[in-house]
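Read the structure below first, then the notes.
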2 protein chains.
Amino acid sequence: MTARSDTLYIQSLAKGMKVLECFADHPSPLSLNDIAEHCEMDRSAAQRMAYTLVTLGYLERGINGRGFVLGKKILERTFDYLRSVPLLERATPLIVDVQRESGERVELSLFDDLTIIFALRRQTKRQTYTTTLIGRRLATIHTASGRSIMSHLPAEEVDGILARTTATPLTSRTVTDHAQIREMIAKSAIDGYAIASEESMLGEISLASAVLDNENRPIAAIDISGSLADWSADAFAKRFAPMLMSATKALSGKAGLS
Amino acid sequence: MTARSDTLYIQSLAKGMKVLECFADHPSPLSLNDIAEHCEMDRSAAQRMAYTLVTLGYLERGINGRGFVLGKKILERTFDYLRSVPLLERATPLIVDVQRESGERVELSLFDDLTIIFALRRQTKRQTYTTTLIGRRLATIHTASGRSIMSHLPAEEVDGILARTTATPLTSRTVTDHAQIREMIAKSAIDGYAIASEESMLGEISLASAVLDNENRPIAAIDISGSLADWSADAFAKRFAPMLMSATKALSGKAGLS
């Protein structure tokens, strides 16, 4: 950090956000000692951060006043964020249609460098709850969505994402070999969609196609995911790729999308 | 604020959150001058806050580097929050079932004193996007969900919520007369569900029933909403109230829900 940026960076704001972030890796409720330990700050700093965040509504006291849990106020910021991205509003009816027509799970993920982040989902049946929650991040290189996005990036950006990714594979089938990932990206560039088989969850196949902005930059991807108990990979792709690509094509190329 | 709490309250953390919150009332992107004005801080403070929030990922530069927009990192906190509330995980399959069985929109809202806040939704067709987004807040006293929740509260809490609510009615049909609201709450206590007709949106009817924790405190409500073009209020209630109450009953009374 340069001297200039150092004076601009507000440590206590960063520490406060770190207190919110420490709930990502640890199930709530957390005590002040837990917060101090996970955030690597002293107990007095943790107390001031927690007091301020409770006052603002971003933390709440746990059941029976024990410890701290995340606060409902976080959902207000979610609302503001979701409302501020024009792509999400435009994509919603298309995703509802694709889900209805396919009968399978459909999601939109936003491209964020090394990860993609779920922003819209249309769940089916009684699937595992957390795997499809808004805000879940997965490694770009390990997902159909990410690789469909990478197929629209210049070679040096693809190289950079491959070089900097340190994410742990989610299953024994997650492809980690860079040569193999490059082949999959090249195939996606030709086919217009990417496939990931059992890379995020065993038994699951995902098909994804990228959404481009008006400068042909990939900004998001839509995926359709189904069960290998119901489909072979080939049959799944043959059945749903046209529907999927028609949805991403309808969303792409508009000004002011992201 | 007491002298004690004053030393615990971290002004720069609160100011940073205020910068995020100012996007609630103003469409992004916002310039530094906009942020300074809306947050009532000087331009230098706005610059330091924005710089720090961009570094952390909670703000991003707008298209072509102009101004600031909310950052994708907000969705990570959404993920953590949604995952931290056991009720939401348990309610998800029930809400999917009720939506499928009813064919109408189904939502779960959390009770937060003067407001209820949408936490789960199961959208149908091409409805207005923002009206059903996660994180939307509506006045407790103006909604079926809120009044079904109030029907499980002691009289002095109901009085408090009525006295402190200053929310603007959303439509010309929103009931604002306190005597009338009290009657609706009393009726909900008998029926087990509350009705709101065109109070949030003209042409829309909502039916709601509360979810109680293991101490019989209301913590949330599920609503089913449909169009008065398709249903009379009576027919809607007769058709969907049993399904709705069976869902909220299945969720109520469990330990560790909220």
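Letters go in sequence order (proteins before strands), and every chain restarts at 1. Hydrogens, waters and symmetry mates are skipped; everything else that's a heavy atom, side chains included, is used.
The choice from B/Gly57, B/Gly71, B/Ala119 that makes the most heavy-atom pairs within less than 4.5 Å of chain A is B/Gly71. Listed options B/Thr78, B/Val69, B/Ile117 were ranked by heavy-atom pairs under 4.5 angstrom with chain A; first place goes to B/Thr78. Residue with the most contacts toward chain B among A/Ala24, A/Gly16, A/Ser12: A/Ala24 (heavy-atom pairs, distance under 4.5 Å). Ranking B/Thr52, B/Leu70, B/Leu53, B/Leu110 against chain A, the residue ahead of the rest is B/Thr52, based on heavy-atom pairs under 4.5 Å. Across A/Lys15, A/Lys18, A/Glu21, the residue that shares the most heavy-atom pairs under 4.5 angstrom with chain B is A/Glu21. Chain B forms more heavy-atom pairs under 4.5 Å with one residue of A/Ile74, A/Asp80, A/Leu75 than with any other, namely A/Leu75.
Side chain of A/Thr140 to backbone of A/Thr115: a donor-acceptor contact under 3.5 angstrom is found. Panel note: side chain B/Ser200, backbone B/Leu170; no donor-acceptor pair is recorded below 3.5 Å.
Heavy atoms closer than 4.5 Å to chain B are found in both the backbone and the side chain of A/Arg77. In this structure, chain A has a heavy atom under 4.5 Å from the side chain of B/Ser28, while its backbone stays farther away. With a 4.5 angstrom heavy-atom cutoff, B/Leu20 touches chain A via backbone and side-chain atoms both. Interface residue A/Ile10: backbone and side-chain heavy atoms are both found under 4.5 Å from chain B. Residue A/Ala50 does not touch chain B at all, counting heavy-atom pairs closer than 4.5 Å.
Closest approach of A/Met17 to B/Leu56, counting heavy atoms only: CG-CD1, 3.8 Å.
A salt bridge does not link A/Glu76 with B/Arg136: every distance from a Lys NZ or Arg NE/NH1/NH2 to an Asp or Glu carboxylate oxygen is 4.0 Å or more. Under a 4.0 Å N-O distance rule, the pair A/Lys73/B/Asp112 does not qualify as a salt bridge.
Residues in residues 43-70 of chain A take part in these salt bridge (charged side-chain N to carboxylate O under 4.0 Å, His left out) pairs, two or more places apart or across chains: A/Glu60-A/Lys72.
Defined by atom type and a distance below 3.5 Å, a donor-acceptor pair is missing between the side-chain atoms of A/Asn33 and A/Ser31.
Counted within 6.0 Å of CD on A/Glu40, heavy atoms from surrounding residues, nucleotides or ligands total 12 or fewer; the atom is thus considered open.
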